[in-house]
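Taking it in order: structure first as structure tokens, then the write-up.
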Amino acid sequence: MIRFDSVTKRYPDGTVAVDDLELVAASGQITVLVGPSGCGKTTSLRMVNRMIEPTSGTIWLDDEDTASMATHELRRRIGYVIQHAGLFPHKTIVDNVATVPFLLGTDKKRARSTAMELLERVGLPAHFAKRYPAQLSGGQQQRVGVARALAADPPVMLMDEPFSAVDPVVREQLQDEFLRLQQDLGKTIVFVTHDIDEAVKLGDQVAVLRVGGHLAQVATPAELLSRPVDAFVAGFVGRDRGYRALGFATAGTLSTRSEPTVATGAPLPTGSDDDWLLAVDGARAPQGWLDMRASAPAGATVTDGLLHRGGTLVTQGGSLRAALDACLSSPSGRGVVVDEGGALVGTITAAEVLELIEAREPEPRT
Amino acid sequence: MTVLAADGASSSPLHFVEYFLDHRSEDLGLLWSHTWLSVVPVIVGLLIALPLGWVARRHRWTYPPIMSITGVLYTIPSIALFVLVPPILGLDTLDPLQVPIALTVYSVALLVRVVADGLASVPDETVQAATALGFRPLERFFKVELPIAVPVIAAGLRVAVVSNVSIVAVAGTIGLSNLGQLFTQGFQLSTPDAYYPPIVLGIVLCVLLAVVLDSLVVLLNRLLTPWRRAVAT
Ligand SMILES: Nc1ncnc2c1ncn2[C@@H]1O[C@H](COP(=O)(O)OP(=O)(O)OP(=O)(O)O)[C@@H](O)[C@H]1O
Ligand SMILES: [Mg+2]
């Protein structure tokens with residue numbers, strides 16, 4: 001747990017970057033600091049590892065006052081990831097990752113073998129180990145940055161816009177991998193971003209700061225989207241927040257109707273009650289929709305080329321947003337529901353999802 | 001040229017090889033002391049410039065005064081510096097340390113800026129990351145900042161070592177034994193007629209020495225920066 005206890009930072013030129021901050025970052029959770037440029041996110045983060053010293057107030061790491069520890073020892077217990085990774089250009093990738101274990105005096109061979117495991121964990125092939133940072137793409141460097149922060153297995157991680165310098169596709173990949181990693185590792189993470197979508201996607205808890213270093217609201221992502229405390233937070237959280245909030249709402253298990261199917265490779269059926277017929281493979285995983293209005297030569301089989309694949313899938317326990325999207329994106333208008341293993345359960349219509357949305361608790365509880 | 005040819009083969013500038021073979025042990029001794037005088041002050045100068053450059057970089061307000069002072073030192077003519085060192089430091093004239101000290105002053109003057117600029121070439125986020133990972137200031141300096149600054153510092157060392165080779169020759173004219181004495185000998189032997197071989201020999205040996213020392217610095221730089229070559233390919 002990290003606790004900011006009325007922490008203020010006033011720079012020598014008089015700028016108040018952080019004003020009387022009270023915040024708890026719970027153990028094993030991701031706390032996101034989000035807000036417009038200059039609102040004091042980086043300053044708040046760097047006061048935790050004392051790259052910046054608070055003007056007043058205390059930051060507690062569990063029950064220890066960070067001000068009472070030697071800075072280098074404090075920092076070796078805290079992973080740190082920044083934009084552009086900040087890798088050491090003169091060290092190989094594996095030695096970059098092993099930096100903190102080397103500092104701690106861990107046996108070189110053991111430190112390197114741990115580093116190799118971590119590289120695999122963040123999705124980098126082993127042959128990258130002997131390369132230098134400049135030989136990697138931005139996204140790959142960022143993965144190395146994460147691995148380096150994890151190398152000494154610190155309980156706490158500080159991340160300052162780690163994914164903001166890569167293109168949107170890579171960013172989404174890195175975010176998904178990061179969430180998977182966190183599920184295994186359960187670190188206490190403080191994550192800084194100026195991107196509210198990233199905050200809502202990654203945070204267990206989101207703290208919105210406003211310029212001047214004032215904390216505007218701390219809440220779960222769902223609560224933030226549905227109940228912003230004031231006009232500033234509402235404006236910052238942005239448009240479509242009603243639709244985005246559906247991403248956090250589920251209807252327990254979606255009830256579905258059964259859907260007639262045809263197996264891929266089977267002879268093309270002729271005559272159907274419906275304009276659209278769902279094709280599944282041998283494991284009953286949905287493959288796409290057959291347009292029954294199109295004329296096909298007699299004796300043809302169901303092949304990939306005939307299938308419309310536009311529709312998204314929703315799992316049975318999925319969010320209402322995913323359910324609605326499955327309906328809206330399906331050429332037949334029926335959203336395809338699958339089980340955890342990806343096999344077809346049935347379909348649901350947009351009208352049915354809307355009923356679920358309306359029947360939902362008006363204000364989600366946390 | 002026609003006059004020279006008429007004077008006979010032995011005074012032709014091209015006869016420096018014979019001159020060298022005739023005075024081999026003496027000339028090799030001069031070459032050796034010249035080498036020593038060129039290299040050692042640069043090494044000592046670098047050792048002094050490292051902390052000064054670090055201070056200039058670390059405390060930004062010290063950069064302008066440090067650079068002005070070292071800049072002024074570098075503009076003092078070498079002969080004047082050789083003469084000034086003994087009285088300032090209370091040494092005898094022609095103390096064996098007189099010239100090495102003056103040369104060290106030149107090297108420091110040149111290298112402080114080089115070290116400060118080399119440290120400035122280290123990306124800011126790299127320094128930040130090192131600090132955040134828990135490097136203490138000295139660890140960070142020797143394990144992160146200095147290694148990354150090597151290419152810039154090596155470029156400065158090349159200039160320092162080569163210019164030292166020529167400044168050392170000037171010290172020969174005030175009586176120190178090094179390749180500069182070949183020039184003095186050449187002048188002395190040039191009465192009444194011009195006699196070039198020792199002068200040409202001095203020039204050739206100085207150039208060779210400069211080329212060899214320069215190549216050594218280049219080689220050392222390559223050995224210390226495998227990461228730069230890996231990236232270039
Ligand atoms: N060393 C400093 N001296 C004076 N003022 C500073 C210093 N560092 C930051 N500030 C000011 O403090 C405020 C907060 O800066 P900070 O870097 O924490 O913002 P941020 O929220 O991280 O912004 P961004 O999203 O742009 O990274 C800004 O107004 C900034 O100008
Ligand atoms: Mg910032």
Side-chain angles (χ1 to χ4, degrees), chain A residues 42 45-52 69-93 95-105 130-136 141-142 144-145 148-152 154 156-162 165, chain B residues 46 50 53-54 57-62 114-115 117-157 217-233:
Chain A
T42 298
L45 195 74
R46 289 188 174 187
M47 285 192 290
V48 176
N49 66 2
R50 292 177 58 199
M51 304 263 288
I52 295 173
M69 306 181 208
T71 50
H72 66 277
E73 275 161 22
L74 173 70
R75 290 173 188 154
R76 290 172 191 181
R77 286 165 51 181
I78 299 179
Y80 191 75
V81 189
I82 47 175
Q83 197 178 350
H84 302 299
L87 300 180
F88 301 131
H90 62 306
K91 301 258 185 204
T92 57
I93 297 303
D95 282 3
N96 261 282
V97 175
T99 301
V100 182
F102 284 167
L103 280 178
L104 292 170
K130 287 269 170 278
R131 293 196 187 179
Y132 290 95
Q135 296 169 294
L136 266 57
Q141 291 188 27
Q142 214 53 56
V144 177
R148 181 176 67 176
L150 288 169
V156 172
M157 295 257 279
L158 306 177
M159 309 179 78
D160 194 349
E161 309 210 20
Chain B
L46 180 63
L50 280 176
W54 179 82
R57 174 79 196 136
R58 173 80 183 247
H59 305 286
R60 302 292 157 88
W61 63 270
T62 63
V114 165
V115 170
D117 292 352
L119 294 176
S121 76
V122 181
D124 205 37
E125 63 242 29
T126 306
V127 180
Q128 299 281 353
T131 310
L133 291 174
F135 281 85
R136 277 171 287 201
L138 271 186
E139 279 172 321
R140 192 182 71 192
F141 180 75
F142 284 110
K143 292 185 182 170
V144 178
E145 299 179 80
L146 195 53
I148 297 174
V150 162
V152 175
I153 296 177
L157 278 180
V217 177
V218 171
L219 187 72
L220 190 68
N221 179 32
R222 283 175 68 88
L223 288 177
L224 288 176
T225 57
W227 47 287
R228 294 188 89 225
R229 262 168 299 134
V231 173
T233 52

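Every chain is numbered from 1, with letters handed out A, B, ... down the list of sequences. Remember, predicted model here, so these are calculated numbers, not experimental data.
- Looking only at heavy-atom pairs under 4.5 Å with chain B, the residue among A:Asn49, A:Val100, A:Val81, A:Leu103 that has the most is A:Leu103.
- Proximity to chain B (any heavy atom under 4.5 Å) is shown, for A:Arg50, by neither the backbone nor the side chain.
- Here the closest non-hydrogen pair linking B:Ala129 and A:Ile82 is CB-CD1, 4.4 Å.
- One distance of note links CZ of A:Arg77 with NE2 of A:His72; it measures 12.0 Å at 0.5 Å rounding.
- When the candidates B:Thr225, B:Val150, B:Val127, B:Thr131 are compared by the number of heavy-atom contacts under 4.5 Å with chain A, B:Thr131 comes out ahead.
- Annotation: maximal heavy-atom pairing with chain A below 4.5 Å, among B:Ala130, B:Gly134, B:Pro123, occurs at B:Gly134.
- Between B:Glu139 and A:Arg75 there is no salt bridge, since no side-chain N of the basic residue sits under 4.0 Å from a carboxylate O of the acidic one.
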Q: Begin with the C-alpha distance, continue with both residues' side-chain angles, and end with the deciding distance and a verdict on side-chain contact (heavy atoms from CB on, under 4.5 Å) for A:Leu87 and A:Tyr132.
A: CA-CA 9 Å; A:Leu87 300 180; A:Tyr132 290 95; over 6 Å; no
